[in-house]
Amino acid sequence: MGVRKQNKIIQYGNIMGAILFVILIWAASFVHLEMMKQEIIAGTYRETWSLVKAYEEHVRRLFHEADEITLRIKADSEADGIISPWVDDYMQMKAQPNHIYQILIADKAGNVIKSARPQQLANISNVDHYLAHFQNSNVELFIGQPRTGITAKASLMPLSRRISGPDGSFAGVVTVLFNTDEVIRFFDDMHLSPAHGLNLIGHDGIARVRRLGSNTLYYADLRKAPITKELQRQGDTGHFRNMTVVEGEARYFSFSRLRDLPFVVTASKAESAVLEPYWHMQRQVYVGASAASLLLVIVSLYFHRLLQRQRRLQQELFASETQYRELVQHSNSVIARYSCDGTILFINEYGLQIFGLPEEQVIGANFLELIGTHTTVKTDDDGSQTIQGQIAADRPVWIEWKTNPLACSLSGQENLAVGIDITERKQYEEIIRHQAFHDNLTGLPNRMLLKDRFDLEIIQAERNNVKVAVLYMDLDRFKYINDTLGHDSGDKVLQEIGRRLKASVRASDIVARIGGDEFAILIADLRSTAVLEKICQTLLAAIKQPIQIDDHEIVLTGSIGVAIFPDDSLVYADLLINADMAMYQAKEQGKNQFHLYAADRKNKSGED
């Protein structure tokens with residue numbers, strides 16, 4: 001083989017080697033850039049998802065605080081159809097200019113009958129939050145669109161609930177107007193950059209408030225916007241890239257649908273800011289790869305700079321992780337990670353405060369044992385569970401946990417639990433539950449609880465072959481007490497009578513106030529008329545004892561009508577009517593006595 005041929009072979013080999021080298025450099029460059037781009041996008045989705053969860057908790061807390069006000073006022077209004085005097089002070093206390101700006105109560109005609117602060121509109125019958133309840137009885141909770149208040153000079157968002165009358169008819173609305181700035185204040189509190197964005201979008205496609213950088217919109221119709229179409233296509237949570245109409249720029253979104261509120265919260269970041277490091281690196285790689293095709297030295301410099309850039313990205317990633325670690329530590333939710341066998345691996349500072357234990361006693365403990373007795377209240381399709389339990393710390397604390405037991409079976413590594421303090425909500429629920437079944441003045445059961453107890457007692461009566469008596473009692477000449485001594489004294493008399501009646505019957509019996517000066521007593525497990533008559537005599541004697549109210553000694557009597565199940569009727573309402581009729585017979589016969597409805601039936605039979 002000649003020298004020229006050898007040189008050609010070497011030259012050809014060098015060319016092929018150079019071409020292969022260039023191909024390898026460019027292939028490696030393209031692969032690296034794509035991986036870097038995907039890593040940056042994934043990191044952005046993690047960042048926006050963390051913002052979504054934090055913003056979701058912020059929104060839920062604000063709306064639940066407002067809704068607790070409407071629920072409490074609604075419960076008071078529906079208890080006996082009268083708004084209690086404490087409601088005025090409660091509304092004044094809850095109304096704060098920077099948060100809850102106004103609280104309104106309107107009657108069924110839309111007339112504003114109570115407000116926390118001066119109200120220019122005396123009638124709201126043409127306002128959307130009134131019409132929503134007036135036109136549709138199925139609308140219990142309504143959250144309207146933000147509007148600039150005439151007096152507040154700020155964007156106010158209405159949250160309202162329907163008030164129903166005793167028969168279930170429309171009786172009015174209670175509305176809380178709160179400052180919409182409180183919803184978006186989260187953006188500034190988190191010190192987010194101009195590239196970030198937050199949305200609070202209703203299920204109707206209307207954005208109640210949105211923040212893109214320094215621009216805030218309190219109303220935006222997004223029903224035909226690309227983001228709404230994408231949200232409709234997605235599930236309850238997720239990520240996607242979408243163009244924004246306002247900016248004309250793509251953004252990376254994370255979102256979550258609130259299960260207890262008609263909203264979707266989104267957090268986003270502009271693509272220009274997200275991919276700025278990528279585009280910067282892309283230019284550098286192209287320049288470096290081109291130079292590397294010509295000179296090995298430039299290739300070496302390229303890799304040197306690439307390593308420097310990677311180190312810088314790692315530092316930025318570490319800084320970002322540190323930032324979100326601080327977010328977890330300072331969150332107002334308990335955040336814990338635990339292994340598949342239940343061993344707690346991490347808990348934030350707020351969690352340690354809730355449990356009232358040092359970190360060394362919590363880390364390594366069993367998660368289910370630590371949270372104590374709990375109840376699963378909901379299980380989602382993906383296996384996520386919502387559980388509630390009471391922690392025996394310095395004070396009883398109710399915590400609602402969200403966790404997913406299936407995570408361990410899928411990943412085989414660890415699970416995440418997030419808990420929020422719902423103690424105040426539990427207390428309000430207990431108050432509302434008690435008010436729904438008890439008389440506000442005497443604390444005795446009301447008609448509703450009396451009916452429930454009757455239904456239970458007749459089951460036992462039929463099973464044991466015994467009877468149940470319904471006593472209808474009315475105070476004689478009670479109106480004279482109100483007219484001469486005033487209603488406050490009359491209320492004290494009713495309270496004392498209620499205590500005496502309750503003390504005069506057996507523990508298995510129930511005394512209820514059903515209105516005015518009228519009481520009903522349910523006598524269970526009745527086996528003889530003699531026992532019934534003795535109870536009636538005891539009740540009349542208890543009523544007749546003098547009552548000392550201030551400087552006045554009051555002596556009252558009562559008249560009692562008696563109807564017996566199953567002799568007089570099998571239906572509760574009929575028994576109550578029959579007992580009422582028998583009570584009036586007792587009054588006509590001279591008062592201060594009891595009368596059996598059965599006696600009337602016997603007389604009628606004799607006449608026939």
Side-chain angles (χ1 to χ4, degrees), residues 75 78-80 164 166-168 373 375-377 429-440 442-474 497-515 518-540 542 558-586 594-602 604-605:
E78 292 180 347
D80 53 8
S164 300
D167 58 352
T373 304
T375 303
T376 302
V377 296
E429 288 175 354
E430 183 59 32
I431 292 172
I432 291 171
R433 187 180 298 110
H434 184 272
Q435 291 177 344
F437 291 98
H438 290 81
D439 174 54
N440 288 337
T442 62
L444 294 174
N446 58 13
R447 284 178 177 268
M448 189 179 301
L449 183 54
L450 182 67
K451 172 64 167 60
D452 290 345
R453 281 292 303 273
F454 176 81
D455 292 340
L456 294 175
E457 292 298 340
I458 63 171
I459 295 175
Q460 293 294 328
E462 291 174 342
R463 181 179 302 160
N464 299 329
N465 195 26
V466 294
K467 300 179 180 182
V468 178
V470 176
L471 279 59
Y472 200 107
M473 194 217 76
D474 181 82
I497 291 297
R499 286 190 288 268
R500 292 184 180 183
L501 294 177
K502 188 174 181 180
S504 301
V505 298
R506 302 167 302 178
S508 60
D509 303 329
I510 182 169
V511 178
R513 181 180 177 225
I514 57 178
E518 296 176 339
F519 297 82
I521 300 99
L522 191 67
I523 306 300
D525 193 26
L526 182 62
R527 299 178 183 273
S528 71
T529 305
V531 172
L532 177 60
E533 292 176 351
K534 183 177 180 181
I535 292 174
C536 290
Q537 291 168 356
T538 302
L539 292 170
L540 292 173
S559 298
I560 301 175
V562 182
I564 300 175
F565 171 91
D567 300 348
D568 298 329
S569 179
L570 300 177
V571 181
Y572 169 75
D574 292 342
L575 283 170
L576 207 58
I577 292 172
N578 294 341
D580 186 29
M581 294 170 60
M583 181 269 293
Y584 278 105
Q585 286 293 321
F594 65 91
H595 187 80
L596 300 179
Y597 180 76
D600 295 336
R601 289 191 294 102
K602 184 175 181 181
K604 290 181 180 179
S605 298

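The structure displayed is predicted, hence computed values, not measured ones.
With sequence neighbours left out, Lys451 forms a salt bridge (charged side-chain N to carboxylate O under 4.0 Å, His left out) with Asp455. With sequence neighbours excluded, no residue satisfies side-chain hydrogen bond (donor to acceptor under 3.5 Å, both in side chains) with Ser569. Shown here are the side-chain hydrogen bond (donor to acceptor under 3.5 Å, both in side chains) partners of Asn464, two or more places apart in sequence or in another chain: there are none. By the side-chain contact (heavy atoms from CB on, under 4.5 Å) test, Ile514 is found to be paired with Arg447, Leu450, Tyr472, Glu518, Ala520, residues two or more places apart in sequence or in another chain being considered. Residues passing the side-chain hydrogen bond (donor to acceptor under 3.5 Å, both in side chains) test with Lys467 are Asp567, sequence neighbours excluded. Residues passing the side-chain contact (heavy atoms from CB on, under 4.5 Å) test with Gln537 are Phe594, sequence neighbours excluded. For Glu462, there are no side-chain hydrogen bond (donor to acceptor under 3.5 Å, both in side chains) partners, not counting sequence neighbours. The salt bridge (charged side-chain N to carboxylate O under 4.0 Å, His left out) test applied to Asp525 returns Arg527, not counting sequence neighbours. In terms of the side-chain contact (heavy atoms from CB on, under 4.5 Å) criterion, residue partners of Tyr584 (sequence neighbours excluded) are, by chain and number, Asp580, Lys587. Every residue meeting the side-chain contact (heavy atoms from CB on, under 4.5 Å) condition with Ala75, not counting sequence neighbours, appears here in chain and number order: Ile432, Gln435. With sequence neighbours excluded, the residues satisfying salt bridge (charged side-chain N to carboxylate O under 4.0 Å, His left out) with Asp439 are Arg513.
Identified under the salt bridge (Lys or Arg N to Asp or Glu O under 4.0 Å) test for residues 500-511, with sequence neighbours left out: Glu496-Arg500, Arg506-Asp509.
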### Check against side chain to side chain contact (heavy atoms under 4.5 Å, CB included), Thr529 and Val531
CA-CA 5 Å; Thr529 305; Val531 172; over 6 Å; no
### Task
Apply the test side chain to side chain contact (heavy atoms under 4.5 Å, CB included) to residues Ile564 and Val468: give CA-CA distance (whole Å), side-chain angles for both, the deciding distance (0.1 Å), then the verdict.
CA-CA 6 Å; Ile564 300 175; Val468 178; over 6 Å; no
### Query
Given Leu532 and Leu471, is the side chain to side chain contact (heavy atoms under 4.5 Å, CB included) satisfied, shown in steps?
CA-CA 10 Å; Leu532 177 60; Leu471 279 59; 3.9 Å; yes
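Interatomic distance, CE of Met473 versus CD1 of Ile560, reported as 6.5 Å (0.5 Å rounding). Within the model, atoms CD of Glu457 and CG of Leu526 stand 11.5 Å from one another, a figure rounded to the nearest 0.5 Å.
Nearest heavy atoms, Ser508 versus Ala524: O-CB, 4.0 Å. Minimum heavy-atom separation, Val562 to Asp568: O-OD2, 4.3 Å. When all heavy atoms of Gly558 and Leu540 are compared, the pair lying nearest together is O-CD2, 3.1 Å. Here the shortest heavy-atom pairing between Ser504 and Ala542 reads OG-CB, 3.3 Å. Of all non-hydrogen atoms in Gly498 and Phe519, the two that sit nearest each other are CA-CE2, 4.2 Å.
Between Phe454 and Tyr572, the two ring planes are tilted [angle within 30° to 60°].
Side chains of Leu456 and Gln460 form no contact here, defined as non-hydrogen atoms less than 4.5 Å apart. Asn446 places none of its side-chain heavy atoms less than 4.5 Å from the side chain of His438.
Residue Leu575 is tested with Val470, Leu522, Leu570, Ile458 for a side-chain contact (heavy atoms from CB on, under 4.5 Å); the sole match is Val470.
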